[in-house]
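Worksheet: one structure, shown below.
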Amino acid sequence: MWGCEGATPSQPLFRGMQVRKQRALFVCSKCGATYSGWLGRCARCGEWNSLVQQIGQEHDSAVATPGGMAHAFPLCSVAAKEESRLHVPIGELARVLGGGLVPGSVVLLAGEPGIGKSTLVLQLASAIAASGEKALYVAAEESARQVGLRARRLGPVPESLLILPESRVEAVVEALEAESPAIAIVDSIQAVRVEARPGMAGSIIQVRDSAAALATCARTLEMPLAIIGHVTKSGAIAGPRVLEHLVDVVLYMEGDRYHAHRIVRCVKNRFGGTEEIGVFEMTGSGLQEVPNPSEAFLAERLVGASGSAVAATMEGSRPMLVEVQALTSHSYADKVRRTANGFELRRLLLLTAVLGRRCGLPMGQLDVFVNVVGGLQLVEPAADLAVALAVSSAALERPLPADTAFVGEVGLSGEVRSVPHLERRLMEAGRLGFKACLVPRTGRLPAASVAGCKAVPVRSLAEAFAACGLR
Ligand code: TYD
Ligand code: MG
């Protein structure tokens, strides 16, 4: 009885337990017409706001028995079926999505206006359509002509890429049901509205209700749906934050719109991890994948400049070498200034305090500016050592050794603390021609040398200063 391996919900394990498939259905409370998605007006009787959600038959979860009592059943009896994912032909995007697109899943691609969201989803739709599948692009913000011009700029436009210039959610749902594409794109959620609901497109109610109706439609049709959402730096507008719990996957597109690199970061994924990032470069013909980000991020490095340090960081499973730049200048204001771009300000304040108290640098008189090159956000504490040394190098006006990378978390006593994946970081540094990498002396030490890059263990910032010839 308890050996339930291989049992499925359709094979009841207990008497009285009834497990059926169910599906969200919308029923008109006036005429009884049923729909798979929510509509503001019943298409049969014309009544407004008459649709109510009901549980139908056909889905993958347990339903209460007719007596109204719900029954729990062993979780192991649920068949572990691996979802067949829709292949994503753009490698960097597939990496972030954890393989491909799960049928019926809703992906939100969020980012500031002008960052390149429409370009990326158009490239995705185009690449999927090029493999013979039907892709449908709902253009609610731009005209079909504008999207057509952009698509041509990106390359040949496949015949199975359909465009629907429409902002009424009801009409979009109807078109999706009629076409049943392999993937649908809605650009953007702030530009569509449910006619039967109050408010302007972009208002919180409209954004939330439009997304809910579109998500229901995607799940019913078992079709992956990508929704675009704009955010501003202040997060002031109704947008993706309202939607995050409604969708399965949330991707953020980051980067400086005045620079070429774009990072796609996953912050929520019901079907995989959230640690991977995808790196792209905006070119005259769309976003190009950057399979070797370290090389791209170090391309413009001024070797021998003071205030520059290379951090050996990890982004998900991928080691990445990134340049950290620091500038210090004598402060003429009452209060010293600290700014950080691509690094958490709170951590920079902590590091400057440690440099002042533990290493004797005159931080109290210096303004400090830190910038991470390439638009990347260094969130890992392992980047501390590179940031601390970049600031020290700038303050002391002495360059760090050009062929050395840095990794380690810095503690309040000025100690360099252990971090994971040292071998992989050294391997990447060696691949890019770095001869040495300062690593924490505590924890598990890597091999003395990996791919030609020597591991130089240091216990503290003082030891790091000595190893780099700063003191
Ligand atoms: P877009 O995808 O429209 O941004 P979003 O949808 O996030 O608002 O792209 C914005 C910028 O990208 C725009 O300034 C023009 C630029 N761009 C290129 O540089 N090359 C290209 O091939 C394309 C299509 C756009
Ligand atoms: Mg756009």
Side-chain angles (χ1 to χ4, degrees), residues 88-90 92-93 96-97 106-130 135-158 161-167 169 172 183-193 201-202 206-207 210-211 214 225-241 243-244 247 249-267 277-290 296 374-375 377:
V88 172
I90 302 174
E92 288 292 301
L93 199 56
V96 189
L97 289 166
V106 185
V107 179
L108 171 69
L109 175 64
E112 289 171 35
I115 198 82
K117 301 179 295 298
S118 300
T119 307
L120 184 62
V121 287
L122 189 56
Q123 282 181 251
L124 170 67
S126 201
I128 289 174
L136 196 150
Y137 191 107
V138 179
E141 264 179 23
E142 295 166 299
S143 66
R145 211 179 99 77
Q146 280 172 309
V147 179
L149 282 173
R150 183 184 295 131
R152 260 182 218 106
R153 189 172 166 184
L154 301 172
V157 188
L161 172 55
L162 308 182
I163 177 97
L164 176 69
E166 182 58 73
S167 61
V169 170
V172 170
I183 179 168
I185 312 280
V186 174
D187 184 3
S188 68
I189 198 67
Q190 276 98 353
V192 291
R193 70 181 298 275
Q206 280 293 351
V207 165
S210 301
L214 291 166
L225 167 73
I227 296 179
I228 284 186
H230 299 293
V231 279
T232 61
K233 275 223 162 81
S234 63
I237 52 163
R241 302 225 173 259
L243 301 174
E244 281 181 9
V247 301
V249 181
V250 181
L251 304 179
Y252 270 86
M253 196 166 187
E254 301 168 354
D256 183 340
R257 57 186 289 194
Y258 300 107
H259 290 93
H261 290 116
R262 301 286 183 272
I263 315 286
V264 178
R265 191 184 291 279
C266 184
V267 296
I277 65 165
V279 185
F280 296 89
E281 185 180 353
M282 183 62 95
T283 68
S285 53
L287 289 154
Q288 303 291 331
E289 297 181 63
V290 180
Q377 285 283 334

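By convention here, the first residue in the shown sequence is residue 1. For ligands, and for the atoms within them, numbers begin at 1 and follow the listed sequence.
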Atoms in ligand 1 flagged as close to [X], the criterion being non-hydrogen separation under 4.0 Å:
{"X": "S285", "answer": "22 (O)"}
{"X": "P113", "answer": "8 (O)"}
{"X": "T283", "answer": "18 (C), 19 (O), 20 (N), 21 (C), 22 (O)"}

Below 4.5 Å, heavy atoms only, C-beta onward: do [X] and [Y] meet side chain to side chain?
{"X": "L287", "Y": "M253", "value": "yes"}
{"X": "F280", "Y": "Q288", "value": "no"}
{"X": "V250", "Y": "L243", "value": "no"}
{"X": "R152", "Y": "V157", "value": "yes"}

When you measure from the side chain of K117 to the backbone of H230, do you find a donor-acceptor pair of N or O atoms at a distance under 3.5 Å?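 No; judged by distance alone, with no hydrogens or angles, the pair does not exist.
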
Sub-3.5 Å donor-acceptor pair from the side chain of R153 to the main-chain atoms of G284, do we have one?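 Here the side-chain-to-backbone pair exists.
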
Going by the rule salt bridge (charged side-chain N to carboxylate O under 4.0 Å, His left out), which residues pair with E141 if we only count those two or more places apart in sequence or in a different chain?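 E141: no salt bridge (charged side-chain N to carboxylate O under 4.0 Å, His left out) contacts found.
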
Work out which heavy atom in P156 is nearest to a heavy atom in S126; give both atom names and the distance. O-OG, 4.0 Å

Which heavy-atom pair separates S118 from E142 by the least distance, and what is that distance? OG-OE1, 4.3 Å

Relative to ligand 1, is R153 under 4.0 angstrom through side chain, backbone, both or neither, heavy atoms considered?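 The side chain, only.
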
Pick from M282, R150, E281: the one approaching atom 16 (C) of ligand 1 most closely through a non-hydrogen atom: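 Shortest heavy-atom distance from atom 16 (C) of ligand 1: M282.
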
Could you name all protein N, O or S atoms found under 2.8 Å from the Mg ion (ligand 2)?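 Sorted hits: S118 OG.
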
Compute the minimum heavy-atom distance from G111 to ligand 1 and say whether it is under 4.0 Å.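 No.
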
From the options L109, I115, V231, select the one residue that forms a side chain to side chain contact (heavy atoms under 4.5 Å, CB included) with Y252.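 It is V231; the other options fail the test.
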
Do any nitrogen or oxygen atoms of H230 come within less than 3.5 Å of a nitrogen or oxygen of ligand 1?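 No; the residue has no nitrogen or oxygen that sits under 3.5 Å from a nitrogen or oxygen of the ligand.
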
Below the 3.5 angstrom mark, is there an N/O of L154, backbone or side chain, next to an N/O of ligand 1?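 Between L154 and ligand 1, no N or O pair is found under 3.5 Å apart.
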
